[in-house]
Amino acid sequence: MHYNFTIEKIENFNLTHTFECGQCFRWKPNLDGSYTGIVGEGIYNIRMLEDSDLIIESSIPDSKEFFEKYIDNLTDYSTIKQLLLKSDKSMEKAVEYGYGMRILKQEPWETLASFIISANNNIPRIMKTVENIARAYGKQIEFKGKAYNLFPKPEELADARDEDLKCCGLGFRGKYIKRAAQMISSGEIDLEKIGNMDSTSARSELTKIQGVGPKVADCVLLYSYAKADVFPIDVWIKRIVETIYFGKEKKLHEMQEFARNKYGELAGFAQQYLFYYARENKIGC
DNA sequence: CCACAGGACGGCT
DNA sequence: AGCCGTCCTGTG
């Protein structure tokens, strides 16, 4: 059984640039240009028609409102782009390259776990590991004749056996995932409260979790809580910021400071355009 | 076979 | 406070 809905005449939205810009790990392209993804409690298939209508099939009913929030359809991207385009020539290129990119509003626990896994790791392997965990621990859903697995809740992972986690390909991150799941299911860390904090307090709360440093914390703030004043710096961002702005002489925290001053409340959007542009064009390698 | 890619931690200065 | 070796696994 599946349920259909449409979002008509959508603007500033591109499936590839949104789902393949490195912010999420559970969307896959199909041969016909549509994408299938696992989001929250549901499975979604999404395609865009020539006239910019979005056609969505979902495993759960009445999910249009939820899905519009998830794809950040209430944010005005033309204003964001307009402001960033004025910044400088490189940012202009990055914004134009990543047209239609949206910053998704993802579920905090799944985002936290996924970005703990991202440490010292690359995107294809992160996707594979997340899927392994879902298959081993998450609820299975049938959708259009195929089986999918939701990402498990913290409680479903809190007493996982170490050997089982090892089979998911987590490596040294296994213990971080397990401890994080325990901290959250016990209430020691409250992800809902963190969402109501300002970025600085939320970051220091998140970095209490082992395996969560500044980069992972900022990814959670940006991709789950829509806190766009953060600027997560990974190797790609480091390389492109060095290439564009100042060579090798800046430290990470100086780059952070620079970006927050330059882009302010739009730092997170700036980061996402730069990241996607740098990675797709292998800038700085 | 080895080199390399990719963030956080922890031990060292 | 800052630097750097180590953690794991897939790819070239």
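Reminder, nothing fancy here: chain letters follow the sequence lines and each chain counts from 1.
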(message) Between A:F115 and A:N122, which residue's closest nucleotide on DNA chain B lies nearer the 5′ terminus?
(response)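 Per heavy-atom nearest nucleotide, the more 5' residue is A:N122.
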(request) Nearest-nucleotide wise, let me know which of A:R239 and A:V212 is further upstream toward the 5' end of DNA chain B. (result)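 On the 5' side of the pair lies A:R239.
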(request) Compute whether any side-chain donor of one residue and acceptor of the other, for A:Y245 and A:D88, lie under 3.5 angstrom apart. (result)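 Indeed, the side chains of A:Y245 and A:D88 share at least one donor-acceptor pair under 3.5 Å.
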(message) With no hydrogens and no angle check, just 3.5 Å: does a side-chain donor-acceptor pair link A:N149 and A:Y137?
(response)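 The answer is no; no qualifying pair exists.
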(request) On DNA chain C, reading 5' to 3', which nucleotide is the first and which the last to sit with an atom under 4.0 Å from a heavy atom of chain A, could you check? (result)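 Answer, 5' to 3': C:dC3 to C:dG10.
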Take the protein atom [atom1] of [X] and the nucleotide atom [atom2] of [N], then report the distance between them rounded to whole Å.
X	N	atom1	atom2	answer
A:F172	B:dC9	CZ	C1'	10 Å
A:I237	B:dG6	CD1	C1'	15 Å
A:K208	B:dA8	NZ	P	18 Å
A:I126	B:dA5	CD1	P	16 Å
A:M127	B:dG6	CE	C1'	17 Å

(request) Given salt bridge (charged side-chain N to carboxylate O under 4.0 Å, His left out), test A:K153 with A:E41 step by step and report yes or no. (result) CA-CA 11 Å; A:K153 307 259 164 285; A:E41 304 292 316; 3.1 Å; yes
(request) Report yes or no: does A:E107 contribute a side-chain atom to a donor-acceptor pair with the main-chain N or O of A:S224 at less than 3.5 Å? (result)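 It does not hold such a pair.
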(message) Donor-acceptor check, side chain of A:R173 to backbone of A:L170, threshold 3.5 angstrom: yes or no?
(response)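 Between the backbone of A:L170 and the side chain of A:R173 there is a qualifying donor-acceptor contact (under 3.5 Å).
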(message) From the set B:dG6, B:dA8, B:dC9, return the single nucleotide nearest to any side-chain atom of A:A119.
(response)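 Taking heavy atoms from C-beta onward, the closest nucleotide is B:dA8.
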(message) Taking the minimum atom-to-atom distance to the side chain of A:P214, which one of B:dA8, B:dC9, B:dG6 wins?
(response)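 The nucleotide sitting nearest to the side chain is B:dA8.
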(message) For the residue pair A:K250 and A:F246, would you count it as a cation-pi contact if the rule is NZ or CZ under 6.0 angstrom from the ring centre and within 45 degrees of the ring axis?
(response)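 Yes, a cation-pi geometry holds between A:K250 and A:F246.
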(message) By the 4.0 Å heavy-atom rule, please label A:I209 as base, sugar-phosphate, or nothing.
(response)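 Answer is sugar-phosphate: A:I209 comes under 4.0 Å of backbone atoms only.
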(message) For a quick check of understanding: with a heavy-atom distance under 4.0 Å over all strands, which category does A:K251 fall into, base, sugar-phosphate or nothing?
(response)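 Sugar-phosphate only.
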(request) Check the pair A:K238 / A:E242 against salt bridge (charged side-chain N to carboxylate O under 4.0 Å, His left out), numbers first and verdict last. (result) CA-CA 6 Å; A:K238 184 170 178 291; A:E242 284 172 346; 3.1 Å; yes
What donor-acceptor contacts under 3.5 angstrom involve side-chain atoms of residues 53-62 of chain A, with partners at least two apart or in another chain?
from: A:D53; atom 1: OD1; to: A:K9; atom 2: N; distance (Å): 2.8
from: A:D53; atom 1: OD1; to: A:K9; atom 2: NZ; distance (Å): 3.2
from: A:E57; atom 1: OE1; to: A:N45; atom 2: ND2; distance (Å): 3.3
from: A:E57; atom 1: OE1; to: A:K144; atom 2: NZ; distance (Å): 2.8
from: A:E57; atom 1: OE2; to: A:H2; atom 2: NE2; distance (Å): 3.3
from: A:E57; atom 1: OE2; to: A:K144; atom 2: NZ; distance (Å): 3.1
from: A:S58; atom 1: OG; to: A:I60; atom 2: N; distance (Å): 3.0
from: A:S58; atom 1: OG; to: A:I60; atom 2: O; distance (Å): 3.0
from: A:S58; atom 1: OG; to: A:S63; atom 2: OG; distance (Å): 3.3
from: A:S59; atom 1: OG; to: A:I43; atom 2: N; distance (Å): 2.9

(request) Could you identify which residues of residues 215-223 of chain A place a heavy atom less than 4.0 Å from some atom of DNA chain B, listed by residue number, or say none? (result)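 Per residue number, the list reads A:K215, A:V216.
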(message) For B:dG6 and A:W236 - does any side-chain N or O of the residue sit under 4.0 Å from the phosphate oxygens OP1/OP2?
(response)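 Yes, within the criterion.
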(message) My understanding is that only one of A:D72, A:N73, A:T75 makes a side-chain hydrogen bond (donor to acceptor under 3.5 Å, both in side chains) with A:R102; could you say which?
(response)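 When A:D72, A:N73, A:T75 are each tested with A:R102, the side-chain hydrogen bond (donor to acceptor under 3.5 Å, both in side chains) holds only for A:N73.
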Taking only nitrogen or oxygen atoms into account, show me every contact under 3.5 Å that the protein makes with nucleotides 11-13 of chain B, one pair per line with its distance.
none

(request) Could you identify which residues cluster with A:Y3, counting Ile, Leu, Val, Met, Phe, Trp and Tyr as linked when any side-chain heavy atoms lie under 4.5 Å apart, either directly or through a chain of such contacts? (result)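 Its cluster mates, by chain and number, are A:M1.
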(request) Quick one: list whatever passes side-chain contact (heavy atoms from CB on, under 4.5 Å) with A:A94, sequence neighbours left out. (result)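 Once residues adjacent in sequence are excluded, the partners of A:A94 under the side-chain contact (heavy atoms from CB on, under 4.5 Å) criterion are A:Y273, A:L274, A:Y277.
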(request) Assert yes or no for the condition that the ring centre distance of A:F269 to A:Y77 is strictly below 6.0 Å. (result)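 Yes, close enough.
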